[in-house]
2 protein chains.
Amino acid sequence: MAQETSAQETSEGLTVAAALTLKDIAREAGVSLATVDRVLHNRPGVRPDTVRRVQEAIARNSFQPHVAAAELARGRARRFAFVMPSGPNPFMQQIEAYLGEMSTWLSARRLNVEMIATDVFDPSVLAASLEALSDDYDGVAVVALDHPGVRAAINDLVEAGTKVVTLVSDVPSSRRHHYVGIDNIAAGRTAGALVGRLVGLRSGKVAIVAGSQGLRDHAERIFGFNQVMASEFPGLGVLPVLEGRDEDERTEQGLTRLFGRHADIVGLYNVGAGTQGVANALSGAGRDKQIVFVGHDVTVLTRRLLLQGVMDAAISQNPGHEARAAVRVLLALARGEPILHEQEKIRIDIVMRDNLP
Amino acid sequence: MAQETSAQETSEGLTVAAALTLKDIAREAGVSLATVDRVLHNRPGVRPDTVRRVQEAIARNSFQPHVAAAELARGRARRFAFVMPSGPNPFMQQIEAYLGEMSTWLSARRLNVEMIATDVFDPSVLAASLEALSDDYDGVAVVALDHPGVRAAINDLVEAGTKVVTLVSDVPSSRRHHYVGIDNIAAGRTAGALVGRLVGLRSGKVAIVAGSQGLRDHAERIFGFNQVMASEFPGLGVLPVLEGRDEDERTEQGLTRLFGRHADIVGLYNVGAGTQGVANALSGAGRDKQIVFVGHDVTVLTRRLLLQGVMDAAISQNPGHEARAAVRVLLALARGEPILHEQEKIRIDIVMRDNLP
DNA sequence: CTCAAAATGAGTTGCGTACCTCAAAACACC
DNA sequence: GGTGTTTTGAGGTACGCAACTCATTTTGAG
């Protein structure tokens, strides 16, 4: 490299230096501000030819409405609803807590977020809750059950102009604008790889505990888990799924029976909740340190179990990120801004003792 | 629960419903708009007693200036500089790519981000680059070397009112406003736990490859790694660190010699770059499938090695998240907004084949 | 009490857009 | 060529705040 080359070189900036305004576009296109405004918002009363001319001027200058100006001009605040499972659900509490932490951020942007607790496991109740929201909210985030009635309710909301994102649990066949959550098959695969790798050279059987195989996310995780076990760890026999309905007692009893019947269990995958029950069964059988135990989500309980070495890894989907991503996506949709997919994608976190967040 | 309880109940919203404005605060405090403005921006000429009254009114109503209005009113665009390592550094390319993906987001907010390539490993050059930025930029993100000269340059910038965040590599003793990056000791601990757990019941030695122990992040990772190995896997002997200067050839040669001397190596931790060299040495010795190999960062190469099973896990720090977090933090600092620490924290990602992003 | 300094009020302008009205121009149709 | 309709222009107001000027009031020192 030549000696006189400066040690510091600036690449050109990443954004246009000259910030054009609506007025500039109007001048460029040879029309008035009002017409540009009409084109920009798809309002009627502009000849197709004129529309084209304006759009070309916009594209030519890669014009972007100033977010702040647009936001200020529209005046009214936006309302978002979070439709979440009712009951003392730790997940809902976490989401709510994280939204609470955003409160200054939200109010500085004049955003109102409301939590709506409902029985998300009853399709008709959930659908009714959703139908009741139309017109009142600019955006809705919903922990959705995949059911025709729910799908219809979501589609109705979308039809009415409300922005809809599904949270944690998706309804892929609906017209929801976005899904904020993880790929549960990949999560199951990851769990399978972890159990298999951590078991190592030992041989034996692997147990699976799930809330219910009827839940889409649980079923998908089990599917992914079995996929990996079959293809990569054929030496480890997978026992039939134990359904514990996410309840501690039921899970503990079922597992204790299972441990009694099988002395050669070396790995355990807990797909849903009921973690305390799993831990009790493990310690009750005196096998909490020998059996590789992989579960989901970082809670107060799983955090403790990880630190104690009872649990070996948790597959986590960062509820804070999900809460913020849902809000950001709804806001971007409402503003007509592009979504930063890379940013809003929820990753499958592997959490072990030493990288506990 | 009583039968008439509705299935849907709305908790109160998370933000104040009535969006107060400066005018309301002025009325509340019994002062004029001008005085509120003076208090809000720490401008002189207000009696302490009045300041208190105004601040109380602000606090009582939890008033938040409307971000959009403030942004619009200040008029001029903001300029941020990213001071990054020069040379064909994949990390810099990734950061730049992710910033490029944000370009519409940035321009809609009238933000200008400029990349400044410099020799970050030469303290005096880096310090000079930083000094040259004063006054020109509202915020600076810098991949910083921890050196007295650099620290002074950072402090000068802060003194001049420029917001400064360190990126990837921190200068904790400086007055930088924020550090965007991971805890490298914890990253090293995580790597250690992974190597130890994945080795499983086998016994043998563990090798460490680093760029240089003089680099702060490398040294910290090694420290964390050794910590875990000593306390949790005392059966695995850790060999002295092999320094490969992040160069493929040097790394390959050194490792090949090491493999020759030690037939019982069961694990390998690559702290920095030179990954291709590691892979070559492993396959050259025919031990690519037996030795547990844990490294850092998800690149084209490590992705391939993970898929091939040569590499078992990568500790990653999501460059996209880092780029966006740096921008968001600089913007929040410039606006005087609070920082969402939970959001901006860079997590230590464990990436295995099945949760590759 | 006097006078300068400090504190405060009042007001203006501008930021870029949304949204509205009203009038003028262009157009289509017979 | 006249009619009615559609399209366009011109202009205004509002949004909430920043940043400034200038006049007025209050304060405190002597």
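Just so we're clear, the structure is a prediction, and the values are computed from it rather than from any experiment.
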K.L.:
Would you mind reporting whether E322(A) and Q317(A) have side-chain heavy atoms less than 4.5 Å apart?
P.N.:
yes
K.L.:
Would you kindly give the CG-to-C1' distance between L33(B) and dG16(D), to the nearest whole Å?
P.N.:
10 Å
K.L.:
When you measure from the side chain of A73(A), which nucleotide among dG9(C), dT8(D), dT17(C) comes out closest?
P.N.:
dT17(C)
K.L.:
Considering only side-chain heavy atoms of R43(B), which listed nucleotide, dG16(D), dA18(C), dA19(D), is closest?
P.N.:
dA19(D)
K.L.:
Any donor and acceptor pair, going by atom type alone, linking the side chain of N61(B) with main-chain N or O of F63(B) inside 3.5 Å?
P.N.:
no
K.L.:
Looking only at side-chain atoms of H41(A), point me to the closest of dA18(D), dG9(C), dA18(C).
P.N.:
dA18(C)
K.L.:
Taking only side-chain nitrogens and oxygens of T35(B), does any of them come within less than 4.0 Å of OP1 or OP2 of dG9(C)?
P.N.:
yes
K.L.:
Just to be sure I understand the rule, does A34(A) reach a base, reach only the sugar-phosphate, or reach nothing, if contact means heavy atoms closer than 4.0 Å?
P.N.:
base
K.L.:
Whole Å only: how far is the CZ atom of R76(A) from the C1' atom of dC15(D)?
P.N.:
14 Å
K.L.:
Within this structure, what is the CG-to-C1' distance between D49(B) and dG28(D), rounded to whole angstrom?
P.N.:
16 Å
K.L.:
Any donor-acceptor pair under 3.5 Å linking the side-chain atoms of Y98(B) with those of Q343(A)?
P.N.:
no
K.L.:
Starting at atom CZ of R110(B), determine the distance to atom P of dG14(C), rounded to an integer number of angstrom.
P.N.:
19 Å
K.L.:
Where each residue is assigned the nucleotide of DNA chain C containing its nearest heavy atom, which of V31(B) and A69(B) is assigned the position nearer the 5′ end?
P.N.:
V31(B)
K.L.:
Can you check whether R47(B) has a side-chain N or O nearer than 4.0 Å to OP1 or OP2 of dT8(C)?
P.N.:
yes
K.L.:
Between R109(A) and E71(A), does any side-chain N to carboxylate O distance fall below 4.0 Å?
P.N.:
no
K.L.:
I need the CZ-P distance between R74(B) and dC20(D), as an integer number of Å.
P.N.:
12 Å
K.L.:
Which base, if any, makes a Watson-Crick or G-U wobble pair with dA14(D), both distances under 3.5 Å?
P.N.:
dT17(C)
K.L.:
L72(B) has a side chain; which of dT17(C), dC15(C), dT8(C) sits nearest to it?
P.N.:
dC15(C)
K.L.:
For R109(A) and dC17(D), what is the distance between atoms CZ and P respectively, to the nearest whole Å?
P.N.:
14 Å
K.L.:
Using the side-chain heavy atoms of D37(B), tell me which of these nucleotides is nearest: dA19(D), dG9(D), dG9(C).
P.N.:
dA19(D)
K.L.:
NA contact type, L22(A), heavy-atom cut-off 4.0 Å: base, sugar-phosphate, or nothing?
P.N.:
sugar-phosphate
K.L.:
Do R38(A) and dG9(D) have a side chain to base donor-acceptor pair shorter than 3.5 Å?
P.N.:
yes
K.L.:
If we ignore hydrogens and angles and just use 3.5 Å, is the side chain of R52(B) paired with the main-chain N or O of V54(B) as donor and acceptor?
P.N.:
no
K.L.:
In whole Å, I'd like the distance from the CZ atom of F63(B) to the P atom of dG16(D).
P.N.:
10 Å
K.L.:
In this structure, how many angstroms lie between the C1' atom of dT8(D) and the CZ atom of R53(A), rounded?
P.N.:
10 Å
